Amino acid sequence: MKKYNKNRLSFDEVIASSKFDYCKNMKWFLIAPIAILLIAIVLFCTIGFRTGIDFTGGSIMTIYTNSDNAIEGAEGYDANDSGDYKIIQDKINKVLEENGLYASSYQISSMDIQEFDVYGGQAVVVKYQNLEGATSQEIIQLNSKIQQQLLSEFGYDVIENAENAVENTGTFTPTAGSQLIFTAVIAFVVAMVLVMIYIGFRFDFTTAFACILALFHDVLITTALALIFRITINPAFVVGIIAVMAYSIFNNILIMNRIRDNQKSGIYDNKPNSMIVNDSVRQTMVRNVFITLTAFILVALVAVIAVTDVRDFALPIAIGVIVSFYSSVFIAPELWAIAHNPKKRKKIKEQNGKENDKVVV
């Protein structure tokens, strides 16, 4: 029979018995966010964000893969086969690079070619940025040139009636991206106000102040890390940031709820705020760690195995999960400890005690 060491402590017991002072060491916890922001500011002033075509404008081409060999004389590729998919991407990249462009995303789709009785045939859609500063007429001319080069690259140019095997699906301007950014900023401001009102009434406005600063920290640091690691800023990224905001609120309410419960317990009467925060953080640490690890692993797996558009959504969430854990443990509670006024709580309790005495008399 296997013997267990009775003196061995579990993870939660190790955390609970820790004497680490989170409030006293807050200044050290601010070093990492400040360093990240400084690096991001330098990169923003030099190379800027890596923006997707939704914010810069771009074009879309759809290329028939001829996987069913409906067009005789042309090579057939199966986009569901990783080897063939790589060949298709290489051919498209070659044409785009010759014209000073690069692909933003690829997607397997379908298309119809009536001349060859192809309906719902396999195709690959490629999105790419337009040349910076090009006029509408120049973009149209360049896309026509790229279309002809793709027809030649896939062997459709020598086959009669095969010119529709490559379609210029259209172009779009960055107007939609600008509108999305404006909408996202409005949503962020409205969310901040609503969160402050909710937490202010549910807890107190000192707690709301700490949570709002932590929320702002999470969004700012996640965006800064996206800039540093050259993650593409597109609509999926914006939606991911909104998801990070929701996760940040959840994490902060978790710790603040424990702080409030400890206050009400009476154990910490006449005790410093730092003692309440340190004990509350220790009591919620295990739950926080496991929730964060679970969320991070799931989102990271999605980011690894998913298609480009889903990956762009999952990456900021994966980063934001870690950032939110950091702020909810090392920043928000410590801010509460600094801003909260225990004298006010004590005064209210004394007044309630006097009222109770009067009732007894």
Side-chain angles (χ1 to χ4, degrees), residues 9-30 32-33 191-192 194-219 221 243-297 317 320-349 352:
L9 295 176
S10 63
F11 180 60
D12 52 346
E13 290 173 332
V14 171
I15 296 296
S17 61
S18 170
K19 300 300 181 182
F20 185 80
D21 193 327
Y22 295 89
C23 292
K24 184 178 179 180
N25 291 280
M26 181 185 178
K27 58 182 180 293
W28 302 112
F29 301 143
L30 295 175
M192 296 271 278
L194 292 177
V195 168
M196 178 170 283
I197 294 174
Y198 168 75
I199 298 178
F201 282 102
R202 174 78 183 275
F203 298 89
D204 55 62
F205 282 97
T206 302
T207 302
F209 170 76
C211 289
I212 288 298
L213 287 182
L215 176 60
F216 186 74
H217 163 275
D218 295 345
V219 173
I221 297 299
V244 169
M245 292 172 60
Y247 191 83
S248 174
I249 295 168
F250 168 79
N251 265 358
N252 285 296
I253 287 181
L254 178 68
I255 179 66
M256 293 303 175
N257 194 59
R258 179 53 61 92
I259 290 174
R260 183 182 63 174
D261 290 344
N262 284 336
Q263 281 183 280
K264 290 181 177 180
S265 68
I267 299 174
Y268 298 92
D269 289 351
N270 301 318
K271 301 292 185 181
N273 290 340
S274 59
M275 182 177 291
I276 302 176
V277 166
N278 286 328
D279 286 351
S280 298
V281 170
R282 294 187 192 106
Q283 292 163 7
T284 57
M285 179 66 79
V286 174
R287 183 189 300 180
N288 239 331
V289 168
F290 284 114
I291 289 176
T292 300
L293 282 177
T294 302
F296 177 79
I297 291 172
I317 298 179
V321 164
I322 302 299
V323 174
S324 176
F325 168 79
Y326 189 89
S327 68
S328 66
V329 173
F330 302 117
I331 295 179
E334 290 76 9
L335 288 174
W336 178 90
I338 294 172
H340 185 70
N341 184 4
K343 294 181 180 179
K344 184 177 180 181
R345 183 176 73 250
K346 182 179 179 181
K347 184 177 180 181
I348 293 174
K349 287 187 176 182
N352 291 336

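Reckoned from all heavy atoms, side chains included, excluding hydrogens, waters and symmetry mates. Treat the numbers as computed from the prediction; the structure is a model and nothing was measured.
Applying the side-chain contact (heavy atoms from CB on, under 4.5 Å) test to I297 and every residue at least two apart in sequence or in another chain returns L301. Scored by the ring-ring contact (aromatic ring centres under 6.0 Å, His included) test, F20 finds Y22 as partners (sequence neighbours excluded). Applying the salt bridge (Lys or Arg N to Asp or Glu O under 4.0 Å) test to D279 and every residue at least two apart in sequence or in another chain returns R282. Partners of Y198 according to the side-chain contact (heavy atoms from CB on, under 4.5 Å) rule, which considers only residues two or more places apart in sequence or in another chain, are R202, I253. N25 is linked by a side-chain hydrogen bond (donor to acceptor under 3.5 Å, both in side chains) to nothing, counting only residues two or more places apart in sequence or in another chain. Qualifying side-chain contact (heavy atoms from CB on, under 4.5 Å) partners for S328, counting only residues two or more places apart in sequence or in other chains: N251, N252, N288. Applying the side-chain hydrogen bond (donor to acceptor under 3.5 Å, both in side chains) rule to R287 yields no partners; only residues at least two apart in sequence or on another chain are considered. Evaluation of the side-chain hydrogen bond (donor to acceptor under 3.5 Å, both in side chains) rule for N257 yields R260 as partners, not counting sequence neighbours. Here S274 pairs with C23, P272, N278 under the side-chain contact (heavy atoms from CB on, under 4.5 Å) rule; sequence neighbours left out. Taking the ring-ring contact (aromatic ring centres under 6.0 Å, His included) definition, one finds that F330 meets it with F29, Y326, sequence neighbours left out. D218 meets the side-chain hydrogen bond (donor to acceptor under 3.5 Å, both in side chains) test with S248, S327; sequence neighbours excluded.
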List the steps, then state whether side-chain hydrogen bond (donor to acceptor under 3.5 Å, both in side chains) holds for S265 with N262. CA-CA 5 Å; S265 68; N262 284 336; 4.9 Å; no
Worked verdict on Y247 versus I317 for side chain to side chain contact (heavy atoms under 4.5 Å, CB included): CA-CA 9 Å; Y247 191 83; I317 298 179; over 6 Å; no
Evaluate the criterion side chain to side chain contact (heavy atoms under 4.5 Å, CB included) for residue pair F325 and V289; output intermediate values, then yes/no. CA-CA 8 Å; F325 168 79; V289 168; 3.9 Å; yes
Walk me through whether I212 and F205 qualify under side chain to side chain contact (heavy atoms under 4.5 Å, CB included). CA-CA 10 Å; I212 288 298; F205 282 97; over 6 Å; no
Would C211 and I249 count as a side chain to side chain contact (heavy atoms under 4.5 Å, CB included) here? Give the steps. CA-CA 7 Å; C211 289; I249 295 168; over 6 Å; no
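Using a 4.5 Å heavy-atom cutoff, the side chains of H340 and I276 are not in contact. Within the 4.5 Å cutoff, no side-chain heavy atoms of V195 are placed close to those of M245. In this structure, the side chains of Y268 and I259 stay at 4.5 Å or more apart for every pair of heavy atoms.
Between atom CE of residue M285 and atom CD1 of residue I255 there is a gap of 8.5 Å, rounded to the nearest 0.5 Å. Going from atom CG of N273 over to atom CD1 of I338 covers 10.0 Å, rounded to the nearest 0.5 Å. Rounded to the nearest 0.5 Å, atoms OG1 (T284) and CG (D261) are 11.0 Å apart. Note: S280 OG to M275 CE = 11.5 Å, rounded to the nearest 0.5 Å.
Residue P333 comes nearest to V277 through the heavy atom pair O-CG2, 3.4 Å, listed as atom of the first residue, atom of the second, then distance. Of all the heavy atoms in A332 and M256, the pair that sits closest is O-CE, 3.6 Å.
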